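Just so it is clear, the model here is predicted, and its values are computed rather than measured. Residue numbers run from 1 in the order of the sequence given.
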Amino acid sequence: MTERQRRQRGAAVLSGIVAGVCVCAAGCSATGRAAEDGRAGDPVEILHRAADALVEAGTSKARTSMEMAAGGTRVTIRGEGVYDYRRQLGELKVLLPQDPSGASEHRPITELLAPGALFMKNRGAGVPADKWVRVETATLSDGNLVTGGATDPFAAAEVLRGTRTATYVGRTEVAGTAVRHYRGTADLAVAARDASAGGRDSLRAAAKGFATARVPFDVYLDDEGRIRKIRHRFSFLNGRGADDGRGERAAKDANDPKDTNDPKDGHGGPGGRPRQAVAVASTTLLYDFGAPVEVRLPAADDIYAGRIAED
């Protein structure tokens with residue numbers, strides 16, 4: 001065999017190897033993309049299962065932020081704590097914003113979250129410092145999605161059971177964790193129908209109490225399908241959407257007393273005063289899954305039974 005023939009054969013072999021590698025790479029790349037697309041699947045169906053993924057995870061830490069805007073004023077309430085998704089029990093420390101004058105700073109409110117109930121300590125409004133206030137969330141016109149100044153993390157997830165439309169936005173990161181971003185709209189009435197027994201009545205109350213049962217959202221899921229971040233945008237008429245907690249007080253702070261509304265824009269409040277539309281953006285961050293969580297609900301003797309003063 002001549003040197004030229006050996007070179008030609010070697011080149012042919014090398015060409016075949018390179019071609020094979022290219023075909024394999026193309027095939028593997030296509031397979032990877034298909035796997036990614038397959039994992040994304042139908043966004044609506046994936047989001048319907050997001051709450052179940054949290055139950056499988058068991059527990060996590062949580063940070064919350066609730067922004068309210070009305071009459072040109074915006075206030076923010078922040079919270080931090082832990083949650084047990086299997087027992088649907090959580091504890092949050094919620095920090096209210098300063099008064100509009102900036103003259104005083106509120107003590108953090110301790111909130112215990114339980115199926116059908118919200119317990120608050122350091123609530124103020126004439127409640128002794130060592131006593132808890134208990135609120136039945138099904139009696140709140142917002143189902144405690146807003147009232148406590150923080151959305152119950154599992155309730156936030158169960159809202160997604162009512163997802164009607166959703167799109168897959170793409171890959172990104174939340175706090176250093178790779179996530180998939182989805183954007184859509186949920187229906188609170190549908191969410192209530194498909195919710196767990198512990199959350200059904202509260203979501204049903206919210207569906208009736210908000211200005212609209214449709215809730216736009218952005219949510220970020222990790223590769224296990226767990227929620228890492230979720231942001232809801234609620235809307236209620238002040239005096240309807242938050243009945244007995246911190247959200248109502250913040251909503252009052254957000255109202256501009258100089259602002260006036262046409263009565264046809266809202267239901268009349270006390271004395272015939274029209275109620276303002278309040279936009280609420282509630283963000284929940286979940287992290288440190290599997291963290292130890294111990295939530296003890298207060299004894300009956302520790303619950304305040306007296307009258308709560310108006311804020």
Looking only at heavy atoms, what is the nearest atom pair of [X] and [Y], with distance?
X      : Y      : answer
Ser196 : Phe154 : OG-CE2, 3.8 Å
Ala195 : Leu203 : CB-CD1, 3.8 Å
Ala150 : Val94  : CB-CG2, 4.4 Å
Thr185 : Phe217 : N-CE2, 3.4 Å
Ala189 : Ala207 : N-CB, 3.6 Å
Ile109 : Asn122 : CG1-O, 3.5 Å

Atom [atom1] of [X] and atom [atom2] of [Y]: how far apart are they, to the nearest 0.5 Å?
X      : Y      : atom1 : atom2 : result
Asn144 : Thr151 : CG    : OG1   : 8.0 Å
Arg107 : Lys93  : CZ    : NZ    : 9.0 Å
Leu188 : Leu145 : CG    : CG    : 6.5 Å
Leu54  : Ile227 : CG    : CD1   : 5.0 Å
Glu294 : Asp84  : CD    : CG    : 11.0 Å
Phe210 : Ser235 : CZ    : OG    : 8.5 Å

Between [X] and [Y], is any side-chain donor less than 3.5 angstrom from a side-chain acceptor?
X      : Y      : answer
Asp142 : Thr147 : yes
Glu80  : Thr64  : no
Ser60  : Tyr85  : yes
Thr110 : Glu91  : no

Side chains of [X] and [Y], heavy atoms from C-beta outward: is any pair under 4.5 Å?
X      : Y      : result
Thr139 : Thr137 : no
Thr163 : Pro43  : no
Lys131 : Ile303 : no
Phe234 : Val146 : yes
Val295 : Val293 : yes

State yes or no: do [X] and [Y] share one hydrophobic cluster built from I, L, V, M, F, W and Y residues joined by side-chain heavy-atom distances below 4.5 Å, directly or via other members?
X      : Y      : result
Phe119 : Tyr83  : no
Val75  : Val278 : yes
Val179 : Leu286 : no
Tyr168 : Leu47  : yes
Trp132 : Leu140 : no

Verdict with supporting geometry, Thr283 and Ile230, side-chain contact (heavy atoms from CB on, under 4.5 Å): CA-CA 6 Å; Thr283 303; Ile230 185 167; over 6 Å; no
Do any N or O atoms from the side chain of [X] and from the backbone of [Y] form a donor-acceptor pair under 3.5 angstrom?
X      : Y      : answer
Ser202 : Gly199 : no
Arg86  : Val55  : yes
Arg74  : Glu67  : no
Thr212 : Arg214 : yes

Verdict with reasoning, Asp187 to Arg193, per salt bridge (charged side-chain N to carboxylate O under 4.0 Å, His left out): CA-CA 10 Å; Asp187 187 311; Arg193 183 192 67 197; over 6 Å; no
Neighbour count >12 (heavy atoms, 6.0 Å) for atom CG, Asp130: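 Yes, enclosed.
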Other residues, nucleotides, ligands: >12 heavy atoms within 6.0 Å of Arg78 CZ: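 Not buried by this count: 12 neighbours or fewer within 6.0 Å.
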Salt bridge or not between [X] and [Y]? Use side-chain N to carboxylate O under 4.0 Å.
X      : Y      : answer
Asp288 : Lys61  : yes
Arg134 : Asp302 : no
Asp52  : Arg161 : yes

Phe289 six-ring centre to Arg226 NZ/CZ under 6.0 Å and within 45° of normal: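 The answer is yes, since Arg226 meets both limits relative to Phe289.
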Cationic tip of Arg180 above Tyr220 ring, under 6.0 Å, 45° of axis: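 Geometry flag: not set, cation outside 6.0 Å or 45°.
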CA sep, side-chain torsions, deciding dist, call: Val44, His48, side-chain contact (heavy atoms from CB on, under 4.5 Å): CA-CA 6 Å; Val44 172; His48 284 172; 3.5 Å; yes
Asp218 and its side chain to side chain donor-acceptor pair (under 3.5 Å) partner, picked from Lys229, His232, Arg233, Arg231: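 Result for side chain to side chain donor-acceptor pair (under 3.5 Å) with Asp218: Arg233.
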Stepwise side-chain contact (heavy atoms from CB on, under 4.5 Å) check, Ser65 with Ile77: CA-CA 6 Å; Ser65 173; Ile77 304 172; over 6 Å; no
Leu297 and Leu112: CA distance, side-chain angles, deciding distance, side-chain contact (heavy atoms from CB on, under 4.5 Å) verdict: CA-CA 7 Å; Leu297 300 181; Leu112 301 182; 4.3 Å; yes
